[in-house]
Amino acid sequence: MPDAADARRAGRDYFATDPSTLAQRLLGARLCRRLPTAEVLRGAIVETEAYLGVDDLAAHSAGWRRTARTEPMYGPPGTIYVFQVYGMHHCLNFVCGAVDEPVAVLIRAVEPIDGIETMRRLRQSPGKRPLRDRDLCSGPGRLCGAFGIDRAFDGRDIASEEGLWLEPAAEGSWGGSEASRIGNSARVGVEYAGAWADKPLRWFVRDSIHVSRARPSGAVAKRPDA
DNA sequence: ACGAGGATTAACT
DNA sequence: GTTAATCCTCGTA
């Protein structure tokens, strides 16, 4: 299904780097989703976390753990890794590095751009007031809900998958020259990881209201730019 | 086979 | 700030 999107689509080389580099590179990139209805949803990535692999006690692949769930992490760069947490939420990751090097970047928040009303519908619970834009994709579980991403994408290739692709950040966008707008902190929800819980492996766009409001463990801050 | 716990979220008090 | 929701995964037996 070659079309205009393919010209801008990030290829495997985009992901063939270490997770800290990719986590920063992804800020400002467009996450794009084509629904079964053919509608295209788009959002700008504003928050990411790097998971460094076998030594990283917060990573699913810590200690070379290799199971049915973590198998996609051992795949080539650009492999999509979607897992479920707490029985009800999905988290989207892009595997990076090299084959058999189980490292990945978690997408934690997106600024919605195209298809906002569809995202609102996908996230809406019955009998509730419509969600504000800033609540649609400001969290790893939220953005998967808004984009209709579940484990059907697990193990697929982001460089060739029809329903999901990535468009690199444009010149002058976040992640590029304007490093001063990028914040960095400990990762969220990994208190169990000992010394690795405090490592500054989370990156986010400082002035975005679409960053998750979850506080990184340890680092107490009213706003995620402390 | 069993059971604890999780890269979260929303709705409470 | 506290807690329920909800189910799959994985260590242990």
Side-chain angles (χ1 to χ4, degrees), chain A residues 19-20 22-24 26-27 31 45-74 79-97 102-110 112 119-155 184-204 209-222 224:
Chain A
S20 295
L22 181 63
Q24 294 166 80
L26 281 168
L27 294 177
L31 179 67
I45 295 172
V46 295
E47 181 181 349
T48 57
E49 284 178 357
Y51 285 84
L52 303 198
V54 299
D55 295 324
D56 181 354
L57 295 180
H60 292 164
S61 55
W64 292 104
R65 191 153 56 117
R66 187 164 187 166
T67 64
R69 181 178 66 150
T70 64
E71 187 60 30
M73 289 192 74
Y74 290 81
T79 300
I80 299 167
Y81 175 40
V82 176
F83 61 89
Q84 197 176 18
V85 279
Y86 301 104
M88 59 192 88
H89 303 296
H90 295 278
C91 293
L92 171 67
N93 301 256
F94 298 121
V95 175
C96 54
V103 295
V105 173
L106 168 69
I107 308 304
R108 281 198 57 91
V110 162
M119 295 181 196
R120 210 184 313 279
R121 183 167 47 74
L122 285 169
R123 288 258 297 126
Q124 197 63 30
S125 27
K128 293 293 196 296
R129 286 181 35 236
L131 290 169
R132 298 174 299 176
D133 289 3
R134 59 157 43 147
D135 293 325
L136 291 178
C137 305
S138 49
R142 288 176 171 185
L143 76 90
C144 282
F147 277 73
I149 293 170
D150 60 21
R151 294 197 304 177
F153 288 104
D154 188 42
N184 182 221
S185 79
R187 293 171 293 185
V188 175
V190 296
E191 299 81 5
Y192 57 83
W196 285 85
D198 299 323
K199 295 192 182 290
L201 294 172
R202 169 181 180 247
W203 285 270
F204 52 91
I209 63 170
H210 297 94
V211 167
S212 77
R213 283 176 287 119
R215 237 189 306 129
S217 62
V220 177
K222 285 183 179 170

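So that the names make sense, note that chain A is the first sequence line, chain B the second, and so on, each numbered from 1.
Listed here is the closest heavy atom pair of A:Leu106 and A:Pro140: CD1-CB, 4.3 Å.
Proximity of A:Thr67 to the phosphate of C:dT9: no side-chain N or O atom is located under 4.0 Å from OP1 or OP2. OP1 or OP2 of C:dT9 sits under 4.0 Å from a side-chain N or O of A:Arg151. Side-chain N/O atoms of A:Arg108 include one lying less than 4.0 angstrom from OP1 or OP2 on B:dT8. Taking side-chain N and O atoms only, A:Tyr86 has no distance below 4.0 Å to OP1 or OP2 of B:dA7.
For the pair A:Phe83 CZ and C:dT9 P, the interatomic distance rounds to 12 Å; values are reported in whole Å. Going from atom CZ of A:Arg187 over to atom P of B:dG6 covers 15 Å, rounded to whole Å. Here the P atom of nucleotide C:dT12 and the CZ atom of A:Arg65 are 11 Å apart, to the nearest Å. Between A:Arg69 atom CZ and C:dC8 atom P the separation is 13 Å, expressed in whole Å. Going from atom CD of A:Glu49 over to atom P of B:dA7 covers 11 Å, rounded to whole Å. Residue A:Trp196 contributes atom CH2, which lies 15 Å from atom C1' of B:dA7 at whole-angstrom precision. With rounding to whole Å, A:His90 atom NE2 is found 11 Å from C:dC7 atom P. When the C1' atom of B:dA7 is taken as reference, atom CZ of A:Phe204 falls 17 Å away, rounded to whole Å.
Of the candidate nucleotides C:dC8, C:dC10, B:dG6, C:dC8 has the atom lying nearest to any side-chain atom of A:Gln84. Across C:dT9, C:dT6, B:dA7, the shortest atom-to-atom separation from the side chain of A:Met73 is found for B:dA7. With C:dT9, C:dT6, B:dA7 as the candidates, the nucleotide lying closest to the side chain of A:Tyr81 is B:dA7. Nearest nucleotide to the A:Val85 side chain, out of B:dG6, C:dC10, C:dT6: B:dG6. Candidate nucleotides B:dT8, C:dC10, B:dG6 were compared by shortest atom distance to the side chain of A:Thr70, and C:dC10 ranks first.
Annotation: cation-pi pair A:Arg151/A:Phe153 absent, no NZ/CZ under 6.0 Å from the ring centroid and within 45° of its normal.
For the residue pair A:Arg65 / A:Thr70, no side-chain donor-acceptor distance below 3.5 Å is found, with atom types taken as modelled. Side chains of A:Ser138 and A:Arg142: a donor on one and an acceptor on the other come within 3.5 Å.
Using a 5.5 Å limit on the distance between ring centres and a 30° limit on the angle between planes, the aromatic ring of A:Tyr51 counts as stacked on the six-membered base ring of B:dA7.
Taking a cutoff of 4.0 Å between a charged side-chain nitrogen and a carboxylate oxygen, A:Glu49 and A:Arg108 qualify as a salt bridge. Between A:Arg120 and A:Asp135 there is no salt bridge, since none of the side-chain N atoms of the basic residue sits less than 4.0 Å from a carboxylate O of the acidic one.
The shortest side-chain heavy-atom distance between A:Met119 and A:Cys137 falls under the 4.5 Å cut-off. For the pair A:Leu92/A:Leu31, a side-chain contact is recorded, criterion being any heavy-atom separation below 4.5 Å from C-beta on.
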Polar atom pairs between nucleotides 10-13 of chain B and protein, under 3.5 Å, N or O only, would you list them?
from   : atom 1 : to       : atom 2 : distance (Å)
B:dA10 : OP1    : A:Arg123 : NH1    : 2.9
B:dA10 : OP1    : A:Arg123 : NH2    : 3.0
B:dA10 : OP2    : A:Arg142 : NE     : 2.8
B:dA10 : OP2    : A:Arg142 : NH2    : 2.4

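Stems are defined here as 3 or more consecutive Watson-Crick or G-U wobble pairs with pairing distances under 3.5 Å; those involving DNA chain B are B:1-6 with C:7-12, B:8-12 with C:1-5.
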Go through A:Tyr51 and A:Val190 one step at a time and tell me if the side-chain contact (heavy atoms from CB on, under 4.5 Å) criterion holds.
CA-CA 11 Å; A:Tyr51 285 84; A:Val190 296; 3.8 Å; yes

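Aromatic ring centres of A:Phe83 and A:His60: separated by under 6.0 Å.
The gap from the P atom of B:dA7 to that of C:dG1 amounts to 22 Å, rounded to the nearest Å.
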